[in-house]
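Just so we're on the same page: letters track the sequence lines, and every chain starts at 1.
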Amino acid sequence: MLGLDGVVGAVVGGLIGAFIIANVMLTTTAIAGPWAKRKITASFTDRIAVNRVGPFGLLIIVADAVRLLSKELIVPDGVDRPAWDLAPIVITFSALIGFAVIPFGSGLHLADPETGVVFVFAAASIASIGVVMAGYASNNKYSLLGGLRAIASNIAYEIPLIVTAASVVIFAGTLQMSEIVAVQRQPLVTFAGVTIPQWFAIVNPFAFALFTLANLAEIGRNPFDLPEAPTEIVAGFQTEYSSVYFVLLYLGEFIHIFLGGAIAATLFLGGPAGPVLPGFVWFYLKMWAFFLFTQWARSAVPRLRIDQFLNAGWKGMLVLSFANLALTAILVGVIV
Amino acid sequence: MSLEEPGPDADAAAVARAADEMEALVGEHVLSRDDHLNAPGYVVRPDAVQDVLGTLREEANLDHLSCVTAQEYEDRYESIYHLKSYDDPTHEASVVVPTPKDDPRSESAAPVFRTADWHEREAYDLVGVEYEDHPDLRRILLPETWQGHPLSLDYDQERPQIVPLREHANPLEDDQKADEGETMYLNIGPHHPATHGVLHLKTTLDGEQVIDVDPDIGYLHRCEEQLCQNSTYRYQIMPYPDRWDYISAGLLNEWAYARAIEDMADIEVPEYAQVIRTMGAELCRIAAHMLAVGTFALDVYGDFTAIFMYAVRDREKVQNILEDLTGQRLMFNYFRLGGVVWDLPDPREEFFESIRDFLDHLPGSLEEYHDLISANEILQVRTVDTGVLPPAVAKSYGATGPVARGSGVDYDLRRDDPYGYYDELDWDVVTEDGMDNYSRLLVRLREVEESAKIIEQCVDLLEDWPADDRTIQSNVPRTIRPDDDTEIYRAVEAAKGELGIYMRSDGTEQPARFKIRSPCFSNLQTLPEMSNGEYIPDLVASLGSLDIVLGEVDR
Amino acid sequence: MSDSAPDRFRSDPTQVETDTRDARISGTDDRFNSKLRQAFGASPFILTKFDQFMNWVRGSSMFMLQFGIACCSIEMMHTYAVKHDLDRFGAGVPRASPRQADVIIVPGTIVSKFAPRMKRVYDQMPEPKFVVGMGSCTISGGPFQEGYNVVKGAEEVIPVDIHVPGCPPRPEALIYGVAKLQERIATGESSPVVVKPYDLEEFGDLDRDEVVDQLAEQIDEDDLVMRYNWADSP
């Protein structure tokens, strides 16, 4: 990259790449958080939402961000100081790190370790530690309940999530992200001149459905938004956070949604593959499609109760995901 | 007895006979008779309250303690227990318990009727009667530090009061960091997104499970009873009922006052006005139920979701119609004694057209609600068999309205104790047997359909009403002074249940005692019964399904 | 401004001066006054531009506190919802936690038991924060003013930037109030107000009797004193 060789080249190239990707994702979430979310929710509920500030209300992004950053940062009495300060940082940056191994297409791929799948799930699940830190350190009972809910739901749904991903790994025969994408480029069937690629969502829609559900739970969106759960526990683990820390939490949440979308796109939807448009655009669209899906669920699906949620996780999702894994393993063993 | 049906003498004789039979049941305790306009009143000794109420409940089938009124006379305190029967609300009796001025002690009715618990606390708080054998006699509406009892005769309102914030000193201090104990104490409210206003739930949790919940009310105690006592019957009281149950249920509440005073002062209401009243009241019921459904969805879904917005959208339509009719969106002040304030808006055809438009679209939007809410599996999992309220418990807490009907208690004053134009119309009382949050939701959705039926018939009637017979108000004297010491308790079916008003006149143009029996006050009492042992989300859902309005709970 | 305690209770209404009213007239205590500007002393060009930008930011976007009290909260919900859609003005995101809210709309009657709690919620909000008083009850107690339990207006407890009269105000009126608030913030003329404290000095004016003596040691600055002295209300 850039004609530089050796260690220096790798470091400089890595930094530039990281800078680009981090900025792309932060911009994306900045658009999604204050503006797109409001507009999407509004169109689900017969409203218009922001339209006064700039064209289509787009300047609300600037206004919201600057206003939130400029607010007074309240540190409540009795918070557990290092943990309370670190939690928003952990939540946001764990999600950002996950993007390091995501192949965005068009050559934008920061790192491609052989254990890419493991890395991305490991990075994504650090966020739940951040949530627990936030919940515990806030010295607020609602936050504490939110934190406890987060840890219970993460344990219950992380396993089905990873086991379902493992079925993809068996199929592809590799843990490397770029390889998984490459495998999905191969044609599945050609029908009337149209070649349908071997996307895992098409090969195994059942696994895709399982993965999407577990993913929703992992990123804590409706109907599984239990750690936050407004109307029950106020704002869950975020209750005591204001100003900059709140911005970080808010960003972290959205980056998480997009990371979830990115993982789903890479593992199941052929990554950056798609006709005509460049790969990066396709990948970006797929992430936004997942975001749209979460917003739709938020507007229309009731929230489960914590015990029902855990029951569904341990007794339903876990069994189904292992069944899926076993079946995939047998099929792959027989056919290949 | 009842002025409502001044029927033939035979009826009056039958009522009198029934009253005597009841008196025979409890005869040994009865000191004298103090009949009210609506029911026979038996004066009993302060130490015989439980005996008398128990006997009347078992033998005379008076199983509904509708209200407890306390008041102070020049020479004595008095507690009145208004009893009714769930099977036939026109079968009534009042038990009057006088207590001396210097030692206002009376036996508590809480062991017989559980609903008496809060009612007697309120009586203690506002009037100062003390109840022996009461499980937990402390202030309920006013802060603990309040000095004096504001509805007693010698209360000095000029005196400053001090209200500390002690309860919120540091919620973490004592309970969470204690060494022993597995439970956590959680203050839900008074400012919390799920409390629908300013309710405070003192909750004890074991993990996520609710061990005990103690509703703490009084954060919206606006002295409605005192203000009504300081207002004249003719005009000044009517605006206040709008503000008890403020969820667009104004006309239903106004009717409670109108019915009580019209019976008390013997005022006729023209039939045309009754039809308008019926139509307006049912429009209000639709609006109120829509918001109940919307906020219930808000509680279960957890965000300002599509259902909430759709419910508000339909409310806007109803409010437009009501605004055309009354001139206001929320606080209508439309009823007058002996009728309504003005006729339907001109041009009448356009007004009828707008109502018919709304009614035509209503089945479609109800279909939408059923698709989105009641047919949703997740919602069913969340609400079926949670917040269970068995009929017997509901009755002992005096629950009424959709809460009682969701538990299978077939009790609706519009049918059982008819007023207005309801008994001329064709509609049904909705009940569900599920006893849970889901049933209460269904009852509300189905009641909207029934209300639509009623409105449709009213519109038909009004359209064909002869133009020369449109009397909207009967002749009512400028000042109303009911006879001295006339007492009446009258109730109507408001959006949340039985909204009753007790009034005692002292010969002036202001009531000497004005007591509001709020359905939400009794319904909210069932919350611990429904939620203990369940999870926090169920507690929130149960609270949503009770559909309380704090303005009416605290008054 | 009257600092000496006996001046606080004046019976002649024309002679009444309160902290709030005085502060409004004299224009002290600007809530936007930053440390940066204090350091620079005057208002250099760059800071003026920065001020304008910050005023625009604060006036363009605000999170509301999800806060319902009484009748007006029903109309407030309608203002957020379908037909009126307050979010068009960038002010339609209700946050459940006061830590994340900029504006508190006080929608209803404040009674003695709730007033200290409301002040607590207000105190929990981060600066800069704004208050919209909705309805007559937050102006004077409205139709309930003569009740023994009713606080005569929100300004007894917290400072109010915009009053929206009505019982209840129509949603359009509330939107107008919020838009007006935004306009004032954006042009940098938000009303200077001071929080009226409940301090012991006020309490000390009460006639000493056994009750006051008994409560005197337990009372602290968060406690509300219901004074029923209408002339002294702001």
Side-chain angles (χ1 to χ4, degrees), chain B residues 141-143 145-147 150-151 155 157-169 189-198 200 216 218-224 226-227 230 239-240 242-243 246-248 291 294-295 304 308-313 315-316 319 329-331 550-551 554, chain C residues 65-75 77-78 80-84 92 94 96-98 108-121 137 141 143-144 146-150 167-168 170-171 203 205-207 209 211-212 215-216 218-220 222-229:
Chain B
L141 294 174
L142 292 170
T145 50
W146 203 265
Q147 304 297 319
L151 293 186
Y155 181 71
Q157 209 190 313
E158 298 297 309
R159 178 184 194 172
Q161 300 277 355
I162 293 144
V163 185
L165 189 67
R166 209 164 298 134
E167 288 90 331
H168 288 229
H191 160 241
H192 183 278
T195 51
H196 297 216
V198 283
H200 176 198
D216 172 26
Y219 293 92
L220 195 53
H221 176 52
R222 302 192 280 195
C223 330
E224 307 260 14
Q226 181 215 26
L227 291 167
N230 294 343
Y240 284 108
D242 285 321
R243 289 160 178 82
Y246 44 71
I247 304 190
S248 288
L291 194 77
T295 47
F304 287 93
F308 178 81
M309 295 295 177
Y310 292 169
V312 172
R313 179 195 63 194
R315 267 175 60 85
E316 288 282 356
Q319 287 194 317
R329 278 169 59 89
L330 211 57
M331 304 297 168
L550 270 303
D554 296 344
Chain C
L65 182 67
Q66 195 175 333
F67 186 67
I69 301 179
C71 326
C72 290
S73 54
I74 304 298
E75 289 294 60
M77 280 198 253
H78 278 255
Y80 288 131
V82 180
K83 187 176 168 192
H84 301 96
S97 166
T109 322
I110 302 142
V111 303
S112 68
K113 209 171 168 182
F114 190 61
R117 273 82 175 168
M118 187 174 78
K119 181 163 185 292
R120 172 63 61 91
V121 170
C137 292
F144 306 100
E146 289 174 25
Y148 48 85
N149 195 28
V150 177
C167 189
R170 299 176 63 92
F203 178 67
D205 297 339
L206 303 179
D207 292 336
D209 62 5
V211 179
V212 172
L215 288 167
Q218 301 166 9
I219 201 165
D220 64 24
D222 277 337
D223 292 353
L224 168 74
V225 179
M226 297 281 289
R227 284 175 293 111
Y228 304 106
N229 185 345

So what's closer than 4.5 Å to chain B heavy atoms on [X]: side chain, backbone, both or neither?
| X | result |
| --- | --- |
| C:I74 | side chain |
| C:C167 | both |
| C:I110 | neither |

Could you report the tightest heavy-atom contact between [X] and [Y], atom names first, then the distance?
| X | Y | result |
| --- | --- | --- |
| B:C223 | C:V150 | SG-CG2, 4.1 Å |
| B:V312 | C:A81 | CG1-CB, 3.4 Å |
| C:P143 | B:Y240 | O-OH, 2.8 Å |
| C:G68 | B:V198 | O-CG1, 3.8 Å |

Count the heavy-atom pairs under 4.5 Å between each of B:L142, B:T295, B:D242, B:L141 and chain C, then report the option with the highest count.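 Highest number of heavy-atom pairs under 4.5 Å: B:L142.
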Heavy-atom pairs under 4.5 Å with chain C - which of B:R313, B:M309, B:M331, B:H221 has more of them than the others?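 Option with the greatest count: B:H221.
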Does some side-chain heavy atom of C:Y80 sit less than 4.5 Å from a side-chain heavy atom of B:F308?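 They are not in contact (no side-chain heavy atoms under 4.5 Å apart), so the answer is no.
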Side-chain contact test, heavy atoms from C-beta onward, threshold under 4.5 Å: evaluate it for B:L291 versus C:M77 and give yes or no.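 Yes - at least one pair of side-chain heavy atoms lies under 4.5 Å apart.
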Once the angle between the rings of C:F114 and B:Y219 is folded into 0 to 90°, is it parallel (under 30°), tilted (30 to 60°) or perpendicular (over 60°)?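 Ring orientation of C:F114 relative to B:Y219: perpendicular.
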Is it true that B:R315 and C:H78 share a donor-acceptor pair across their side chains at a distance under 3.5 Å?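 Result is yes, a qualifying pair exists.
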Do B:H191 side-chain atoms and C:S97 backbone N/O form a donor-acceptor pair below 3.5 Å?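 No; judged by distance alone, with no hydrogens or angles, the pair does not exist.
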Strictly distance-based, threshold 3.5 Å: is any side-chain N or O of B:Y246 a donor or acceptor partner for the main-chain N or O of C:S73?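 Not confirmed, B:Y246 side chain does not pair with C:S73 backbone.
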Test C:T109 against B:R243 for side-chain contact (heavy atoms from CB on, under 4.5 Å), laying out the working first. CA-CA 11 Å; C:T109 322; B:R243 289 160 178 82; over 6 Å; no
So how far is it from B:N230 CG to C:E146 CD, rounded to the nearest 0.5 Å?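 So the gap between those two atoms works out to 7.0 Å.
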Run the side-chain contact (heavy atoms from CB on, under 4.5 Å) test on C:V82 and B:E316 for me, step by step, so that the C-alpha distance in whole Å, both residues' side-chain angles and the decisive distance to 0.1 Å come before the verdict. CA-CA 9 Å; C:V82 180; B:E316 288 282 356; over 6 Å; no
Go through the atoms of B:L220 and report whether side chain, backbone, both or neither lie under 4.5 Å from a heavy atom of chain C.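 Both backbone and side chain of B:L220 come within 4.5 Å of chain C.
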Given heavy-atom pairs under 4.5 angstrom as the criterion, report whether the side chain, backbone, both or neither of B:R222 touches chain C.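 When you check distances to chain C, atoms from both the backbone and side chain of B:R222 fall under 4.5 Å.
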Charged N-O contact under 4.0 Å between C:K113 and B:D554: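 Salt bridge between C:K113 and B:D554, a charged N being under 4.0 Å from a carboxylate O: no.
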